[in-house]
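Order of listing sets the numbers, starting from 1, for every ligand and every atom in it.
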Amino acid sequence: MLGFVTGMGKIRTKFVCQQCGGESLKWVGKCPHCDAWNSLVEEFEPFSVKTESRVSQRFAEIEAEQVPVRLNEILQEPQERLETNINEVDRVLGGGFVLGSLVLLGGEPGIGKSTLLLQCGNAIAERYGVVLYVSAEESVNQIKLRADRLGSISSNLVVLSQTNLDKICSQIQQINPKLVIVDSIQTIYNSELASAPGSVSQVRECATQLMYLAKGTGIAIILVGHVTKDGSLAGPRTLEHLVDTVLYLEGERFHRHRILRSVKNRFGSTNELGIFEMREKGLIEVTNPSEILLSERPKHASGSVVVPSMEGTRPILVEIQALTSPGSGFGIPRRMATGVDVRRVSLLIAVLEKRIGLNLAGNDVFVNVAGGVKIEEPAVDLGIILALASSFRNRPVCANLVAIGEVGLSGEVRSVNFIDKRIQEAIHLGFTGAVMAQSNLSGLNLISEFTVYGVQTVAEALEVALMQS
Ligand code: TYD
Ligand code: MG
């Protein structure tokens with residue numbers, strides 16, 4: 001296949017993995033780089049002398065300016081940031097968009113990426129100057145319709161409907177905006193490449209050129225990238241290493257809440273979380289997430305437990321729900337989890353079986369974090385265990401109690417960090433007690449209305465937390 005001749009001239013063929021972006025000269029069923037199956041897609045590229053020389057020329061220009069310098073002599077310049085004044089966005093970014101940086105915003109189609117960026121763009125246009133919104137998916141009229149829903153529009157917000165990368169770049173250089181939003185990276189193309197917009201080579205080439213433009217001019221550029229549920233679409237995943245900051249907008253499409261999460265940030269922490277609610281007038285910040293996430297919680301229902309989870313520097317109270325039901329008795333019982341890792345749930349089920357003697361083996365088990373939040377930290381283990389046991393025994397967990405703790409394989413309850421902050425949030429939301437690791441009790445400052453139950457094992461925790469039937 002290599003180097004065959006077509007009507008378009010000499011074509012170089014390669015196969016690119018849609019998962020990791022790795023390349024292979026021949027098609028193989030399993031990607032040699034990331035071991036994903038059936039992920040290689042054929043890519044055509046013309047032998048374009050122009051393209052190759054331009055890329056190497058750009059490298060040459062940048063390299064020519066660089067000389068080794070002493071680290072201790074480098075003067076740290078404060079990073080200039082564009083603040084949106086939308087607190088949830090600024091916090092996730094670490095204080096606003098850094099000038100000259102390239103940011104990627106990924107998310108499923110229809111989740112609200114364009115809406116959020118139009119709001120950010122408008123806010124920055126009002127405060128700092130011209131913002132260019134390049135729409136390669138929608139016409140300027142469609143953008144106008146959306147902007148009208150969002151409220152007043154700044155006169156500094158300029159829109160351009162264009163898919164050709166060269167034309168986009170020349171417009172950017174011409175109007176020299178503070179911020180550029182490219183919506184989306186999968187629909188723009190470089191005419192020098194033969195592959196279709198959205199292919200790995202197009203997405204990478206376009207993003208690389210925009211990165212050079214951002215670094216060279218000091219303009220902040222935001223790229224929008226669509227991802228499917230399994231994240232396999234070309235784009236965001238293949239670009240993560242290239243950009244400075246990667247943000248994901250998540251949420252269930254039919255729920256109101258949207259979560260903005262940063263998974264990579266060269267200019268700030270990656271643990272922060274921004275929570276929004278989709279309303280008629282766009283995405284509205286949620287300043288008291290715990291209250292909203294717990295607003296629909298059924299009290300005195302079995303299988304429901306509240307846990308204070310740390311999201312970056314902020315504690316958030318979330319409700320963990322579990323449902324165990326006797327399976328059909330045939331085949332393997334189902335284990336499903338949304339919002340927490342299903343393997344962690346399996347491990348905790350094993351702990352309950354072995355250490356407590358709960359016979360969950362024949363039961364289907366479902367675990368869910370209400371409100372579409374995803375939790376990765378092990379501090380919610382105790383909450384999951386209590387929810388599972390509560391559903392299995394059909395005994396509710398005391399409604400005013402929160403659960404905090406990591407669970408080990410011997411059924412021991414281990415301490416977690418930021419215990420003060422977690423408890424403060426629980427008190428703030430009106431909870432009156434917490435079941436937590438005994439080892440977490442030392443040095444705790446508590447008010448008298450709040451009771452803490454220090455436990456060493458899961459068995460003790462069940463004793464304390466489950467209501468008597
Ligand atoms: P959109 O920003 O177009 O999503 P994306 O760019 O991620 O594909 O928004 C998608 C949904 O948001 C759309 O179904 C309509 C809804 N929406 C609102 O509910 N309120 C609003 O004010 C706006 C602008 C959109
Ligand atoms: Mg969109």
Checklist entry - Between the Mg ion (ligand 2) and Thr115, is there an N, O or S atom separated by less than 2.8 Å? => result no
Item to check | Separation between CG of Leu283 and CD of Gln119, rounded to the nearest 0.5 Å | outcome: 5.5 Å
Item to check | Asn417-Arg422 side chain donor-acceptor pair, cut-off 3.5 Å | outcome: yes
Checklist outcome for this item: Closest to atom 25 (C) of ligand 1 (heavy atoms only, candidates Arg149, Gln119, Gln142) is Arg149
Checklist entry - Can you find an N/O atom of Asp183 closer than 3.5 Å to an N/O atom of ligand 1? => result no
Next on the checklist: Give the atom numbers and elements of ligand 1 that come within less than 4.0 Å of a heavy atom of Arg279.
Outcome noted: 18 (C), 19 (O), 20 (N), 21 (C), 22 (O)
Next on the checklist: Counting only nitrogen or oxygen atoms and a 3.5 angstrom limit, does Leu150 reach ligand 1?
Outcome noted: no
Item to check | Donor + acceptor pair across side chains of Glu137, Ser184 (<3.5 Å) | outcome: yes
Checklist entry - For His226, is at least one N or O under 3.5 Å away from an N or O on ligand 1? => result no
Item to check | Option set Gly106, Gly282, Pro109, criterion heavy-atom distance to atom 22 (O) of ligand 1, minimum | outcome: Gly282
Next on the checklist: Could you measure the distance from the SG atom of Cys398 to the NE2 atom of His300? Nearest 0.5 Å is fine.
Outcome noted: 9.5 Å
Next on the checklist: Under a 4.0 angstrom heavy-atom cut-off, which atoms of ligand 1 come close to Lys281?
Outcome noted: 22 (O)
Next on the checklist: Using salt bridge (charged side-chain N to carboxylate O under 4.0 Å, His left out), reason through Glu88 and Arg314 one step at a time and then give a plain yes or no.
Outcome noted: CA-CA 12 Å; Glu88 298 290 296; Arg314 185 168 63 162; 3.5 Å; yes
Checklist entry - Does the side chain of Thr245 come under 3.5 Å of the side chain of Asn265 through a donor N or O and an acceptor N or O? => result yes
Checklist entry - Roughly how far apart are His33 NE2 and Cys17 SG, rounded to 0.5 Å? => result 8.0 Å
Item to check | Among Gly110, Ala147, Gly107, closest by any non-hydrogen atom to atom 11 (C) of ligand 1 | outcome: Gly110
Checklist outcome for this item: Looking only at non-hydrogen atoms, the one of Arg146, Glu137, Lys113 nearest atom 24 (C) of ligand 1 is Arg146
